[in-house]
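Read the structure below first, then the notes.
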Amino acid sequence: MARGERRVVWEIAATFIGAVVGAGFASGQELSQFFLGYGAAGQKGIVLAGLLFACWAAGILELSARRALASYPEYLAFLLGRAGALCFDGVVTLFLFSAGFIMLAAGNALFTEHLGTPAGAGGLLTGLAVLAVLWGGLESLIAFNLFLVPLKFLICAALYLFTLKAGFCPAEQGRIAPLVPHWMGAGFLYVGFNMLGATVVLVPLGRRGKGRLRLAGAALGGFGLALFALMLFRILLTFRELALREVPLLFVAAMVHPGLKYAYFLVLWASLLSTAVVNFYGVATRLARLIPCRPYRASLLVVLAAGLLFARCRFSFLVRTVYPLFGGLGLVLLAPLIFRLLSRSR
């Protein structure tokens, strides 16, 4: 594989991983709420999720390339028709905005709980960082994730290895109730809500590279997400007593090694930024289409200002209530995607 081809694969994988590995993921909240209630069996749900991530992303990239789809609205219109796309696009926009202000709420929790900053300061700082990244549009978003994803992986791996070396014994009981009766259902819901946001950046990436490169990028992205999640989940199994914290894995990092706390703090903030930029990018581009002359930057300012108004809600409550709801809605798009891929229409 030539150097240029490897770059295409990595761009797809890194942007995909960056869209999913947000504050909910890296803090441990998502993995706790979706999988920890099943104990060690939650790892099966994570492996299932990794496979679904890879297959779903590959399907989106292939369909986008086949039909020359340039944006998420075009993708929805092809899957659902104009009427269905109009209704579902409103749902997706609401999800993206909700997920965006959840990331700002995570910024508030992170800075207040661990740095003692005034309430609201963490969300404001996060909002300003999102504005700086998105001022340059999609290319800035891709470059941002190309830099951050390897950094996040290295520090997460360091936390995992330090935990193993310290020899902590797994806790016998956890206090997180399962979302649904079986880990398989949790895996589907988890992928469903994540793909609502990730599709925003996957559709335009379908124009990059040949089919085998897109497939390799999707596979690498799904494998990377599963590996990320399994490392962090094993840590959560060991420290179940911290599962009710707003940012449980940061407390773990502080217990394992003092210096690791600050490194993981940066991982968490970078993670919530990487997801927030995807979500607010999606909402801002939608809003820009409704305004004459498409003022993307003005729309971005409006969306971020509105997001800060909702960012005072409790982070863990938002993850447990909002994400599963949109997970079910996200799964609605899976059946028409499979149908379109299997159909003979080009």
Side-chain angles (χ1 to χ4, degrees), residues 13 16-61 91-92 95 98-99 102 152-153 156 160 170 174-200 202 215 217-238 240 243 248-249 271 275 278 316 318-339 341:
F16 183 26
I17 292 172
V20 175
V21 181
F25 187 110
S27 69
Q29 272 296 336
E30 285 180 19
L31 298 175
S32 293
Q33 301 290 359
F34 279 84
F35 299 112
L36 194 58
Y38 308 100
Q43 295 171 103
K44 299 177 183 179
I46 291 173
V47 172
L48 172 64
L51 292 172
L52 288 172
F53 274 131
C55 294
W56 200 331
I60 291 170
L61 291 167
V91 173
V92 171
F95 165 75
S98 301
I102 288 174
K152 289 189 289 187
F153 181 80
C156 287
Y160 176 66
R175 293 175 290 178
I176 299 292
L179 282 175
V180 291
H182 198 273
W183 55 261
M184 188 176 293
F188 273 93
L189 281 177
Y190 184 66
V191 175
F193 94 81
N194 272 301
M195 291 306 295
L196 272 181
T199 306
V200 173
L202 285 172
L215 180 61
L220 180 60
F223 174 78
L225 287 168
L227 185 58
F228 256 119
L230 285 172
M231 286 192 301
L232 299 183
F233 183 77
R234 292 292 299 174
I235 298 170
L236 290 168
L237 275 177
T238 304
R240 290 192 201 182
L249 284 173
S271 297
T275 298
V278 170
S316 56
L318 291 171
V319 170
R320 187 167 182 83
T321 55
V322 176
Y323 282 3
L325 171 64
F326 283 107
L329 292 172
L331 290 174
V332 173
L333 293 178
L334 185 56
L337 171 61
I338 295 173
F339 173 77
L341 285 170

For the student: nearest non-hydrogen atoms of A41 and W183, plus distance: O-CG, 3.9 Å
Heavy-atom pair of closest approach, residues G28 and L236: O-CD1, 3.7 Å
Atom pair CZ (F53) and CG (L48), whose distance is rounded to the nearest 0.5 Å: 10.0 Å
Trace of the side-chain contact (heavy atoms from CB on, under 4.5 Å) decision for W56 with L202: CA-CA 10 Å; W56 200 331; L202 285 172; over 6 Å; no
Minimum heavy-atom distance between L220 and I17, given as atom pair plus value: O-CD1, 4.4 Å
Result of checking T199, L196, I60 against L333 for side-chain contact (heavy atoms from CB on, under 4.5 Å): L196
CG-CG distance between L232 and L227, expressed to the nearest 0.5 angstrom: 9.5 Å
Non-hydrogen side-chain atoms of L36 and L31 separated by less than 4.5 Å: no
Contacts of type ring pair (Phe, Tyr, Trp, His ring centres under 6.0 Å), residue Y160, not counting sequence neighbours: none
Closest non-hydrogen atom pair between F188 and L331, with its separation: O-CD2, 3.5 Å
Any residue meeting ring pair (Phe, Tyr, Trp, His ring centres under 6.0 Å) with F35, in chain and number order, not counting sequence neighbours: Y190
Nearest non-hydrogen partners of G50 and A226, listed with the distance: CA-CB, 3.9 Å
Minimum side-chain heavy-atom gap F34-I46 below 4.5 Å: no
Approximate separation, where rounding is to 0.5 Å, of L337 CG and C55 SG: 10.5 Å
Shortest non-hydrogen contact from F233 toward A40: CE2-O, 4.5 Å
Validation row: L334, M195 side chains within 4.5 angstrom (heavy atoms): no
Gap between atom CE of M231 and atom CG of L249 - 0.5 Å precision: 11.0 Å
Check against side-chain contact (heavy atoms from CB on, under 4.5 Å), K44 and M184: CA-CA 8 Å; K44 299 177 183 179; M184 188 176 293; over 6 Å; no
